[in-house]
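Everything below concerns the one structure shown next.
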2 protein chains.
Amino acid sequence: MGQVTIQQVARAAGVSPSTVSNLLNGRIERMLPATKDRIDAAIAELGYRPNRAARQLRTGRTRTLGLVVPSVGNPFWGAFARELESAALAQGYNLLLCNSERDPERERRYVEELWEDGVRGMVLCTSLPSLAHLAPTIERGLHLVTFDRPAQPDDPASVVSISINNPMGGYLAASHLIELGHRRLAFISGSLRSVNRTARYRGFCSALEAAGIDVDDMPSWPGMDAVPFGDVEAAEVGRRAAHELFSRADRPTAVVAINDMTALGVCRGLRDLDLRVGKDVSVVGFDDIVLADLYDPPLTTIRQPIAEMARLAVEEIIASETRSDTEAGRSVLLRPELVVRASTAPPAAAGTEAEISA
Amino acid sequence: MGQVTIQQVARAAGVSPSTVSNLLNGRIERMLPATKDRIDAAIAELGYRPNRAARQLRTGRTRTLGLVVPSVGNPFWGAFARELESAALAQGYNLLLCNSERDPERERRYVEELWEDGVRGMVLCTSLPSLAHLAPTIERGLHLVTFDRPAQPDDPASVVSISINNPMGGYLAASHLIELGHRRLAFISGSLRSVNRTARYRGFCSALEAAGIDVDDMPSWPGMDAVPFGDVEAAEVGRRAAHELFSRADRPTAVVAINDMTALGVCRGLRDLDLRVGKDVSVVGFDDIVLADLYDPPLTTIRQPIAEMARLAVEEIIASETRSDTEAGRSVLLRPELVVRASTAPPAAAGTEAEISA
DNA sequence: ACCTTCCGGTGTATCGATGCACTGACACTA
DNA sequence: TAGTGTCAGTGCATCGATACACCGGAAGGT
């Protein structure tokens with residue numbers, strides 16, 4: 001099929017394949033500038049491109065990174081995938097994308113498949129507390145960066161984790177509402193069985209405590225532990241939670257949602273009940289997806305600096321591929337940022353009532 | 001690094017590597033059942049997985065498909081990428097994802113890079129009228145499926161195209177509004193220099209003509225041709241268009257947007273002007289992304305059956321890899337579907353005025 | 001008894017790039 | 001002049017799986 005090989009280039013340039021290979025791999029100090037020019041010319045003329053399979057077979061390496069996200073159907077992960085691809089491209093790496101659909105088994109399968117494809121560096125967006133299912137592959141030399149999941153005590157030592165400071169994010173969201181005068185706050189999320197979700201919730205709670213509000217008095221949504229969280233379903237979770245929480249007598253005046261998709265679902269649910277977001281009820285999201293700003297009303301939210309995180313993730317992987325395996329991984333925590341828009345406001349008149357009854 | 005090879009398996013099973021290879025490639029009729037069992041046992045015991053690079057070097061094939069989308073940051077493409085991955089996975093293929101950012105040069109680079117990676121089947125989501133920049137690779141044997149871009153007369157013969165019937169979509173959107181009583185309709189889009197966009201616009205126009213409305217009398221947005229369209233920018237385009245179109249005297253009573261992101265931008269722009277979507281102005285989007293239903297008001301839109309399209313795309317690629325190269329590609333056109341929600345309604349009182357002045 | 005066919009395999013060249021071990025030519029040094 | 005170094009390359013085994021030519025033995029036909 002007209003494959004141009006390194007031998008043909010060598011012949012055209014009047015050198016041996018080894019010398020071409022040396023050039024290809026940056027060892028240009030091993031040849032005269034004139035030789036280099038001849039080889040460059042031959043490469044250009046023949047339109048030669050190295051065969052990756054052969055290269056990989058020989059070296060065991062690939063210029064490909066793996067990315068496992070819950071689902072690119074979710075705008076947050078889609079945006080992150082895009083940023084990560086840009087960052088990888090900038091370093092000369094390709095990106096192999098996988099959607100785990102938050103299924104640990106599928107996650108494990110993908111990681112192993114990527115490994116077999118020769119991918120040695122991967123970014124894993126998981127919130128599972130344990131990485132035990134990946135331990136065998138990590139031991140074989142996988143360089144893993146987890147995203148949106150702070151390091152855990154029993155993680156393998158080489159794992160790098162990149163995440164925002166989730167407790168701080170939860171804290172920022174709740175204290176913003178408290179400063180506006182809210183005293184009855186609800187936290188809405190699907191299952192909390194994930195590291196970052198519990199972290200956000202912890203931050204939420206500590207803001208309440210700092211303001212002298214008893215967390216146990218807050219209206220809570222019983223379905224929180226039961227509902228399996230997916231990404232397309234995130235909005236549905238928010239909607240159902242809103243329906244249930246706001247048709248009760250002790251309803252809150254403000255809500256912190258686990259992410260923007262859930263927040264949008266909450267807004268939808270509130271609208272179903274003829275409650276106005278940003279007037280009757282305040283809502284804070286998390287992530288700052290593009291749609292947060294487009295929504296009506298524009299959503300107050302906690303921004304994650306995804307471009308910076310993506311860049312960091314790629315750099316960490318590349319660094320970890322060059323440094324020795326024995327070196328321990330790091331854990332990078334970035335600052336979340338409160339973005340105030342129109343979905344939050346001081347509590348309405350009804351809020352005052354609730355405050356008295358509290 | 002502890003790679004288990006076919007030789008080790010062969011040794012363990014007491015056969016030659018060739019026989020193991022035969023088993024691996026489904027040629028089990030060339031061995032005794034007992035031999036097959038011994039090999040299977042050896043594979044299981046050693047945890048052997050074939051080395052892809054070696055396999056690919058030898059055969060030139062890969063079980064990987066390429067997907068080039070404008071940007072997974074756009075929820076529509078994110079959702080499509082997810083569906084395509086599922087479809088590929090179901091057929092035992094992996095997916096290599098690339099974001100072209102609608103840059104033809106980047107698109108070409110990616111296609112060639114995928115080709116060099118051994119990827120022989122790709123789904124390309126482009127709206128460029130010409131595929132000339134990919135012709136060399138297609139001639140070398142690339143199996144290309146274009147998505148969201150109907151076949152063009154001078155496309156290479158082997159190209160398969162999968163798309164909805166875009167003119168019909170535009171027609172459905174416009175006639176829905178006409179049936180509601182609207183007579184002043186605007187079509188909002190970024191640059192129309194793309195096949196499917198002009199197709200949607202043509203459908204829009206023919207619905208007007210069928211109703212005896214003169215397209216040239218319709219308020220149009222001068223920036224339509226000038227603004228470069230991106231995906232994150234789509235919403236911004238809609239917003240700016242709304243600002244300009246609706247601060248004029250001959251403003252329309254209804255809008256058809258080129259896609260949902262633009263439609264959401266339009267809604268945002270209308271809100272800036274204190275116009276109520278679904279009351280003062282009707283808006284129809286295109287795609288039916290998840291957020292269309294979550295928005296306030298929920299967006300009337302033209303749905304694309306992405307799951308079915310993704311499945312079809314994968315099947316076409318796999319089919320085209322097995323059938324001879326000389327066979328011509330097909331063009332599949334699916335039916336779009338009008339999904340009526342709350343962003344459209346009969347024209348308000350102001351609409352009647354406009355009708356009189358027309 | 002001889003030839004053919006089929007079965008159940010095996011031996012080996014091959015895919016293309018890599019990198020180590022090596023070499024010939026030359027320069028410098030003691 | 002022998003000894004030591006450096007420069008600018010070259011030769012070749014190698015990675016793991018595959019395909020194809022080949023082969024011994026048994027069965028079947030005449």
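The basis for the numbers below is simple: all heavy atoms, side chains too, and nothing from hydrogens, waters or symmetry mates. Naming: A, B, ... by sequence-line order, numbering from 1 per chain.
For the residue pair Arg82(B) / Ser71(A), a side-chain donor-acceptor distance below 3.5 Å is found, with atom types taken as modelled. A donor-acceptor contact under 3.5 angstrom links the side chains of Thr126(A) and Glu107(A), judged on distance only.
Comparing Ala54(B) and Gly14(B) by the nucleotide of DNA chain C whose heavy atom lies nearest to each, the residue mapping closer to the 5' end is Gly14(B).
Residues Pro150(B) and Val195(B) approach most closely at CD-CG1, 3.7 Å, considering heavy atoms.
Residue contacts shown for Thr19(A) include a base, since a base heavy atom lies under 4.0 Å away. Residue contacts for Arg27(B): at a heavy-atom cut-off of 4.0 Å it reaches the sugar-phosphate backbone alone, with no base atom in range. Arg55(A) comes within 4.0 angstrom of the backbone, heavy atoms only, and of no base. Within the 4.0 angstrom heavy-atom criterion, no nucleotide atom of any strand lies near Val20(A). Among the atoms of the strands shown, only primed sugar atoms or phosphate atoms (P, OP1, OP2) are found under 4.0 Å from some heavy atom of Leu32(B).
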Show your reasoning for whether side chain to side chain contact (heavy atoms under 4.5 Å, CB included) applies to Gln3(A) and Asn51(A). CA-CA 9 Å; Gln3(A) 241 284 42; Asn51(A) 178 314; 3.2 Å; yes
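Counting distance only, with no hydrogens placed and no angle test, the side-chain atoms of Ser18(A) and the base atoms of dG11(D) include a donor-acceptor pair under 3.5 Å. With hydrogens and angles ignored, a donor-acceptor pair under 3.5 angstrom links the side chain of Arg58(B) to the base of dT14(C).
One can place CZ of Arg61(B) at 17 Å from C1' of dG16(C), the figure rounded to the nearest angstrom. In this structure, the OH atom of Tyr48(B) is 7 Å from the C1' atom of dA17(D), given to the nearest Å. Between the CG atom of Leu57(A) and the C1' atom of dT14(D) there is a distance of 9 Å, given to the nearest Å. As rounded to whole Å, 20 Å separates atom C1' of dC15(D) from atom CZ of Arg49(B). The distance from atom CZ of Arg30(A) to atom C1' of dT23(C) is 14 Å, rounded to the nearest whole Å. Atom CG in Asn22(A) sits about 11 Å away from atom C1' in dC20(C), given to the nearest Å. The distance between atom CD of Gln7(B) and atom C1' of dT10(C), rounded to the nearest whole Å, is 14 Å. When the C1' atom of dG16(C) is taken as reference, atom CG of Asn25(A) falls 13 Å away, rounded to whole Å.
Look at Thr5(B) and you won't find any side-chain N or O under 4.0 angstrom from OP1 or OP2 of dG16(D).
Two residues are said to be in side-chain contact when any heavy atoms from C-beta on lie closer than 4.5 Å; Leu65(A) and Leu96(A) fail this criterion.
For Glu116(A), the CD atom sits in a packed shell: over 12 heavy atoms of surrounding residues, nucleotides or ligands are nearer than 6.0 Å. Counting non-hydrogen atoms of other residues, nucleotides and ligands closer than 6.0 Å to CZ of Arg27(A) gives a total above 12.
Panel note: side chain Arg109(A), backbone Pro104(A); no donor-acceptor pair is recorded below 3.5 Å.
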Sugar-phosphate means primed atoms, P, OP1 and OP2; the rest is base. With that split, encode nucleotides 22-27 of chain D 5' to 3' as B, S or - using protein heavy atoms under 4.0 Å. ------
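Side-chain proximity of Asn51(B) to dT18(C), dT10(C), dA17(D): nearest is dA17(D).
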